Amino acid sequence: MLRNAILYFAIVYAISGCSSAAYTSGSSADLDKKSSEKPNVVVIFTDDMGYGDAGFSGHPTIATPNLDELANEGQKWTSFYAAAPVCTPSRAALMTGRLPVRSGMASSKRRVLFPDSNGGIPQSEVTIAEALKSLGYKTGMVGKWHLGHLPEYLPTNNGFDSWYGIPYSNDMDLNIDLVKQVNGEEWGFDTWHKGEHWENPKPEYWQVPLMVGQNIVERAPDQNLLTKNYTEKAVEFIRNSKDEPFFLYLAHSLPHVPLFASDDFDGESKRGLYGDVIEEIDWSVGQVVKALKEEGVAENTLVVFTSDNGPWMLFDTQGGSPGLLRGEKGDTFEGGMRVPAVFWWPGKIHSGVVMDIGSTLDLLPTVVSLAGGKLDHQTDGYDLSEVIMTGKGSDRDEMFYYRGDKLFAVRSGKYKAHFFTQPAYGEEGPVKQNPPLLFNLDEDPSEKYNIADSHPNVIKEIAKLKNDHERSVEPVENQLEK
């Protein structure tokens, strides 16, 4: 695509709020030495996995030995954020390094894309796949896309050489007529989203398409096998790409409800079906790492594991846990957007626990920098390559918490101010907080103790940061409302 041409210019500008940070790759001799060969990049992205849903984050009854090993050998980030609390805008941010409000991939009226949506990721946006493809990478995606199901929006028209997966969430394309035959005439789509009749789902209830490239190869695939099939395709891509630099984006459809697990994992976790699903995803991570090692490319591969947003707690035990954090999928408290995150690169990464702020917004500028590339377009991301390689502190000191296209909260350093709050789901509208709620996230990550009264100057400073940032956001065509 013509838009890939912009990837060859000399300077990257990372735009966050009112500030801009210029950077170039290889900013230290040590980094130049370690990244002289273009690294492979594997991003493993789960759907609705909570901050507290892995062994390395303290879950007492979900076993994740493969993830735990990556966390021990690599970097575990404790303040890592998705850029939105729901699927579509979060995935747009990961792909582009830009807040979804800048690309029209955020809306307060329709929060995600649906099978009847006509919009998707704009052609003017540069994806990670396009950026790396222009640098000589083979690019492949396996799993859930959710950035537009019409041909022009699909992965293979946005930088990916190949794609095997589903175009949107696994609970879409519900066959209501079939479900009513089984569960009664009173059953409907709204019933599903009120948390009823979801404990024993049948794969045939959902007619979601399984696609290869731009072709539908199956309707209503057996979702019990999705994680296993995704894993096989991911391993196949690694084995077929080992002789050239590659980028693999493995975006699991789960643990988004409805939950499904293969026979090897069904009933195996103490945590129930949700635990079965997470433990199968952990197995998948192990298979990917095993393939990297067997093909002799592990020491030249950066693996990133994280989630698209917090847990969907509407579904009780069928949803996950935010751990000690307040909030869930759909809202702008920490539990809605702070997610588990592990970076792994054997022999190269500066291992340990990273308590600095990071975000999925930072992945595009980081991997392009590590690959020796430079950008010239605006992003909201920071280059984390020196954090990964040398242990240098992260340059990110702020986070903007959007719900749809409205900015609800802002973090600056250890302080977070909520200007608006709203329950994750339901009929209640946004509530303006005057004065804003203020929390010290270093001392109070659970956001229990409002300290606004004693820190008026902090609120004033964050309010200025908010206003400056909002002035930087130019109106664009909304893709979710098409």
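As the structure is a computational prediction, the values presented were derived from the model and not from experiment.
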*If a pair satisfies salt bridge (charged side-chain N to carboxylate O under 4.0 Å, His left out) and one of its residues is in residues 361-373, list it, with sequence neighbours excluded.*
Asp362-Arg396
_With sequence neighbours excluded, residues passing ring-ring contact (aromatic ring centres under 6.0 Å, His included) with Tyr230_ = none
*Is there a donor in the side chain of Glu447 and an acceptor in the side chain of His418, or the other way round, less than 3.5 Å apart?*
yes
_Whether Trp145 side chain and Tyr153 backbone form a donor-acceptor pair below 3.5 Å_ = yes
*Under the side chain to side chain donor-acceptor pair (under 3.5 Å) rule, collect the residues that match up with Ser103, sequence neighbours excluded.*
none
*asked:* Tell me whether Thr139 contacts the main-chain N or O of Asp161 through its side chain, where contact means a donor paired with an acceptor under 3.5 Å.
replied: yes
*Which distance, rounded to the nearest 0.5 Å, do you find between the CG of Leu302 and the CH2 of Trp344?*
10.0 Å
*Do Phe408 and Phe400 have ring centres separated by under 6.0 Å?*
no
*If a pair satisfies salt bridge (charged side-chain N to carboxylate O under 4.0 Å, His left out) and one of its residues is in residues 79-99, list it, with sequence neighbours excluded.*
Asp47-Arg91, Arg91-Asp308, Arg98-Glu125
_For residues 226-237, which residue pairs pass the salt bridge (charged side-chain N to carboxylate O under 4.0 Å, His left out) check, not counting sequence neighbours?_
Lys228-Asp264
*Partners of Tyr137 by ring-ring contact (aromatic ring centres under 6.0 Å, His included), sequence neighbours excluded?*
none
*asked:* Check Glu295 with Arg239, please: is the shortest side-chain N to carboxylate O separation under 4.0 Å?
replied: yes
*Partner set under side chain to side chain donor-acceptor pair (under 3.5 Å) for Asn440, not counting sequence neighbours*: none
*Just jot down the side chain to side chain donor-acceptor pair (under 3.5 Å) partners of Thr360, sequence neighbours excluded, or say none.*
none
*Please identify each residue that fulfils ring-ring contact (aromatic ring centres under 6.0 Å, His included) with Tyr164, with sequence neighbours left out.*
none
*For the pair Asn300 (side chain) and Lys38 (backbone), establish whether a donor and an acceptor sit closer than 3.5 Å, ignoring hydrogens and angles.*
yes
*Are Lys416 and Tyr401 in a cation-pi setup, meaning NZ or CZ lies under 6.0 angstrom from the ring centre and within 45 degrees of the ring axis?*
yes
*Partner set under side chain to side chain donor-acceptor pair (under 3.5 Å) for Arg326, not counting sequence neighbours*: none
*Can you sort out the partners of Phe305 under ring-ring contact (aromatic ring centres under 6.0 Å, His included), two or more places apart, ordered by chain and number?*
none
_Lys466: partners by salt bridge (charged side-chain N to carboxylate O under 4.0 Å, His left out), with sequence neighbours left out_ = Glu470
*asked:* Determine whether a donor-acceptor pair (N or O, by modelled atom type, separation under 3.5 Å) exists between the side chain of Asp356 and the backbone of Ser394.
replied: yes
